[in-house]
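I have placed the structure first, in the form of structure tokens, so that the comments after it can refer back to it.
Heavy-atom basis, side chains included; hydrogens, waters and symmetry copies ignored. None of these values were measured; they are calculated from a predicted model. Naming convention: chains lettered A, B, ... in sequence-line order (proteins, then strands); numbering from 1 in each chain.
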Amino acid sequence: MTENNNLLSKKIIVIGGGPAGLAAALEANRRGVAPDDILIIERDRELGGILNQCIHAGFGLHLFGEELTGPEYAGRFIKEVCDAGIGYVTDSMVLSLSTDRVVTFVSPTLGFCRMTAGAVVLAMGCRERTRGALNIPGTRPAGIFSAGTAQRYVNIEGWMPGKRVVILGSGDIGLIMARRMTLEGATVLRVCELMPYSGGLARNIAQCLDDFNIPLYLSHTVTEIRGRERVEGVVIAEVDEKLRPVAGTEEYVECDTLLLSVGLIPENELTRDAGIEIDAVTGGAVVNQFMETSAPGVFACGNVLQVHDLVDFVTLEAYRAGESAAGFATGGLHSDGDTIATKAGEGVRYIVPQKLVSSSLAGVKLFFRVNNIYRDVTIRLYSVVYADGKTVNKTVKEIKKRIVTPGEMESIEINDKIAELLKDASGIGVELCKKEI
Amino acid sequence: MTCIVCPVGCRLEVNLDDNGGVTAVTGNTCVRGERYAVAEITNPVRTLTSTVHLSGTSEKFLPVRTALPISKGRLFAAMERLRSVAVSAPVKTGDVVATFDGVDIVACKTLLKKAV
């Protein structure tokens, strides 16, 4: 490194050193980019991202056939990065990114830096929705934490957030923390879930709630927080089918801690500030099948692109972004042809990628989430074609599924045969033919 | 019951005879589910993951796991045992840092010794 770190350049800059960033950097290296021409910029004090605080097991079943803990999964990729000699800095914060791929960051070792990248990979992950964003009325006492913050406190810092806990949100983070807090000596009084179904895995309901006799209240929410300097209790009410609290169902539950597990939001400040197009539904960048955003040579992968359930799929998505970034940086990526849009049809909440370069459809996998729990459905992939002056949907693939839920990302692959059928499509859609439970 | 062996979480149904023995398991999509159901009835076990005190590096806690599942009823006793475990860096993933009920407690992270 020279002393003047302005106008330095790297072939690949990866923003974020969690599982997505690590995998993208490794794949770029595997595709021929020299290890010292890759720089991972990580804001925390170590690589590994959120996996460092996910000390529970369940990671890596698809990729390794094993159920690793978060640190073990991250450790494998960190070791590969170090063995390959790929460059990285920690405790370093990216301040801005421009669409011509100038990355401005601050680092304890490098100072203030402005680096030009041949290609940039966005891998900043996501953060949690807060009480403020939820607008829960009441006082503002201490003792209200997002579940992920509580997880950081317990597993990394060694602090107990509280002793008598109510958890709002039955997604996996809330369920995992219900178990963790209980094992460390707290009393988790109940888990409340706004929806009539839990967003978490069934196995987590079993091993985090049932195992410890923690009750799960579906279709319930916290309507008020009480307490002067510390949480003293919360008011919990049932909600109707429109998710509105039902008068008369309120119950006051004494507690000293409220954990919120109410949604993850991709962390795209840098992306927005750069003027890169964002999908309002996913909260992440609009990308094509090469994981390329609206800014040429800027790629996105992992939770910053779409919130994932399984880290194995984050890794696979990041491999694709790393491959594309390497291709772009070395001049070998052909991603600037005509594009068509993907359309989320009936029952589908979103599809990634949102755009497809129509000359390279073979082998593309579309990832999507449904907007409700459906049983005995057919997932239909269709092409949108113009015929006789009208737009017509033509089915090209159908998959039968016994159950699909919003909490489990689905995918459908465009093989060579289907790519051929989609040749003259002006759009591609995925919809469900269903009956609700 | 819900199988917890993998993220699919199959819903299992177990038929018992008059002595509480398992006669049939249905609902599983793999053989591990069948074995899990039998174990749940006869001797439920769980993998425990937690942290232990760490010194000699900037991290204060080391994530650990039981190398094998332990009896479900012994989870809190295992947590109590872990409270008195103190590890000093350097430590490697897989290093045995303690034992409980004959099962190894292993480190889940590799950390070098570092001046704090």
> For the atom pair CG (B/D17) and OG1 (B/T23), what is the distance rounded to the nearest 0.5 Å?
Replying inline: 6.0 Å
> Given a strict heavy-atom distance threshold of 4.5 Å, which part of B/T93 is in contact with chain A: side chain, backbone, both, or neither?
Replying inline: side chain
> Between CZ of B/R35 and SG of B/C30, what distance do you get to the nearest 0.5 Å?
Replying inline: 8.0 Å
>> Taking every non-hydrogen pair under 4.5 Å, which of B/C10, B/P63, B/G9, B/C108 racks up the most with chain A?
In response: B/C108
> chain A heavy atoms under 4.5 Å from B/S50: which part of the residue, side chain, backbone, both or neither?
Replying inline: both
> Contact part of A/L183 toward chain B, heavy-atom cut-off under 4.5 Å: side chain, backbone, both or neither?
Replying inline: both
> Any idea which of A/A202, A/A74, A/P71 has the most non-hydrogen atom pairs under 4.5 angstrom with chain B?
Replying inline: A/P71
> Can you tell if the side chain of A/I379 reaches within under 4.5 Å of the side chain of A/K401, non-hydrogen atoms only?
Replying inline: yes
> Below 4.0 angstrom, N of the basic side chain to O of the carboxylate: do A/R402 and A/D376 qualify?
Replying inline: no
> Given that the side chain runs from C-beta out, which part of A/D309 has a heavy atom under 4.5 Å from chain B: side chain, backbone, both or neither?
Replying inline: neither
>> Using only atom types and a distance under 3.5 Å, with no angle test, would you say the side chain of A/Q53 pairs donor to acceptor with the backbone of A/Q151?
In response: no
> Non-hydrogen atoms of chain B under 4.5 Å away: do they reach the side chain of A/L61, the backbone, both or neither?
Replying inline: side chain
>> For B/R11, which atoms come within 4.5 Å of any heavy atom of chain A: side chain, backbone, both, or neither?
In response: neither
> Given a strict heavy-atom distance threshold of 4.5 Å, which part of A/E184 is in contact with chain B: side chain, backbone, both, or neither?
Replying inline: both
>> When you measure from the centre of the six-membered ring of A/F64, is the NZ or CZ of A/R76 closer than 6.0 Å and no more than 45° off the axis?
In response: yes
> Relative to chain A, which segment of B/L62 carries a heavy atom at a distance below 4.5 Å: side chain, backbone, both, or neither?
Replying inline: neither
>> Can you tell me which of B/H53, B/K109, B/M1 forms the most heavy-atom pairs within a distance under 4.5 Å of chain A?
In response: B/K109
>> Check for me whether B/R81 meets the cation-pi criterion with B/F100, that is, NZ or CZ under 6.0 Å from the six-membered ring centre and within 45 degrees of the ring axis.
In response: no
>> Please check this pair: side chain of A/S107 against backbone of A/S92, looking for a donor-acceptor N/O pair closer than 3.5 Å.
In response: no
> Checking A/Y73 against chain B: side chain, backbone, both or neither under 4.5 Å from a heavy atom?
Replying inline: neither
